[in-house]
Asks: 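Before I ask anything, let me first share the structure, which is written out below as structure tokens.
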Amino acid sequence: MPDIPTFDMKPVYVPDEVLEGLKKLPTATVYGAVRSFGSTLCVCEGLRNFTPGKKMAARAKTLRFLPNRDDLKSDTPSGENAPEYVAMGRCGPGDVLVADIQGDAKTVVAGDVKLLQLKMNNADGVVIDGAIRDLDVLRDEDYGLTVYATARSLHGGPNASPAEEDIQIQCGGALVRPGDVMVGDDDGVIVVPSWMAAEVLEYATEHEEVENYIKEKIAAENVAPGKYYPPQQESFEEWRRVKNERGL
């Protein structure tokens, strides 16, 4: 098995080439690597991909909603300086807006008008621990966004309002810090801490290669998967030899 590296657990900027590499891997394989590195609460539970077939790996720009109260509203900037617009303004290519609404399906982060800012900025998508609306418009007008949310809703924001941005939040029970990488496909979405993203890519890439090699051997020998799966240390060592022999 690959060695587990020692980390300096400080946030780092994750470059685009790491994001592109993570997009090529099944999220389940990335999940296994993140868990192996000790980050066990990494799954955004209860969220689904409302843009089926789209894969995502993008840096998190965070937004937190809080329960509505008049004093909170009076203290929160409005208009162009409102937290949601500032958060969306931070998003560009390779970034995703991640919103914490604590699973409230009657509060939506935005609809097609507000999310137009993400489209204009060429952001990658939104991950919402709450509801999304105007999804048909986002699809029909090709906003280019990957969308994860708990539900679709007609509601606006009767229960909560956007209050804070660029802070650490929770999303589906997982901690999300600004700059973490959100990786998702149709199986779900997970959080990869920024400081382990490059090593996760390396670990998960080899693990995926080994699993594909094991599938090749199972089919060639017509044996039960249990003969080689789950992969053991000898499978990794054998694959490294074979990979070198094949000039890969």
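The analysis underlying the following values was restricted to heavy atoms, covering all of them including side chains, and did not include hydrogens, waters or symmetry mates. From a predicted model like this one, the values you see are computed outputs, not experimental measurements.
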Asks: Pairs in or reaching into residues 109-135: which pass side-chain hydrogen bond (donor to acceptor under 3.5 Å, both in side chains), with residues at least two apart or in two chains?
Replies: E84-K114, D129-Q170

Asks: Return the set of residues passing salt bridge (charged side-chain N to carboxylate O under 4.0 Å, His left out) with R246 (not counting sequence neighbours), or none when no residue passes.
Replies: E216

Asks: Who are the salt bridge (charged side-chain N to carboxylate O under 4.0 Å, His left out) partners of K227, not counting sequence neighbours?
Replies: E221

Asks: Kindly list each side-chain donor-acceptor pair under 3.5 angstrom involving residues 154-161, sequence neighbours excluded, with atom names and distances?
Replies:
from, atom 1, to, atom 2, distance (Å)
N159, ND2, D104, OD2, 3.1
S161, OG, N68, OD1, 2.3

Asks: Run the salt bridge (charged side-chain N to carboxylate O under 4.0 Å, His left out) test against D186 and tell me which residues pass, sequence neighbours left out.
Replies: none

Asks: How is the hydrophobic cluster of Y148 composed, in terms of its other members, when Ile, Leu, Val, Met, Phe, Trp and Tyr link through side-chain heavy atoms under 4.5 Å apart, directly or indirectly?
Replies: L47, M56, V96, V98, V127, I167, I169, V176, M182, V189, V191

Asks: Who else is in V113's hydrophobic cluster (ILVMFWY, side-chain heavy atoms under 4.5 Å, direct or via others)?
Replies: none

Asks: Evaluate the side-chain proximity of N244 to R240: yes if any heavy-atom separation is below 4.5 Å, no if none is.
Replies: no

Asks: Which other residues belong to the hydrophobic cluster containing V86, where Ile, Leu, Val, Met, Phe, Trp and Tyr are joined when side-chain heavy atoms lie under 4.5 Å apart, directly or via other members?
Replies: none

Asks: Which side-chain hydrogen bond (donor to acceptor under 3.5 Å, both in side chains) pairs, counting each pair once, include a residue from residues 56-66, with sequence neighbours left out?
Replies: Y13-R59, D16-R59, R59-D95, R64-E164

Asks: How is the hydrophobic cluster of M88 composed, in terms of its other members, when Ile, Leu, Val, Met, Phe, Trp and Tyr link through side-chain heavy atoms under 4.5 Å apart, directly or indirectly?
Replies: F50, L63, F65, L97, I101, V109, L115, L116, L118, M120, V126, I128, I132, L135, L138, Y143, L145, V147

Asks: Please identify each residue that fulfils salt bridge (charged side-chain N to carboxylate O under 4.0 Å, His left out) with D71, with sequence neighbours left out.
Replies: R69

Asks: Quick one: which residue pairs count as a ring pair (Phe, Tyr, Trp, His ring centres under 6.0 Å) with a foot in residues 173-200, not counting sequence neighbours?
Replies: F7-W195

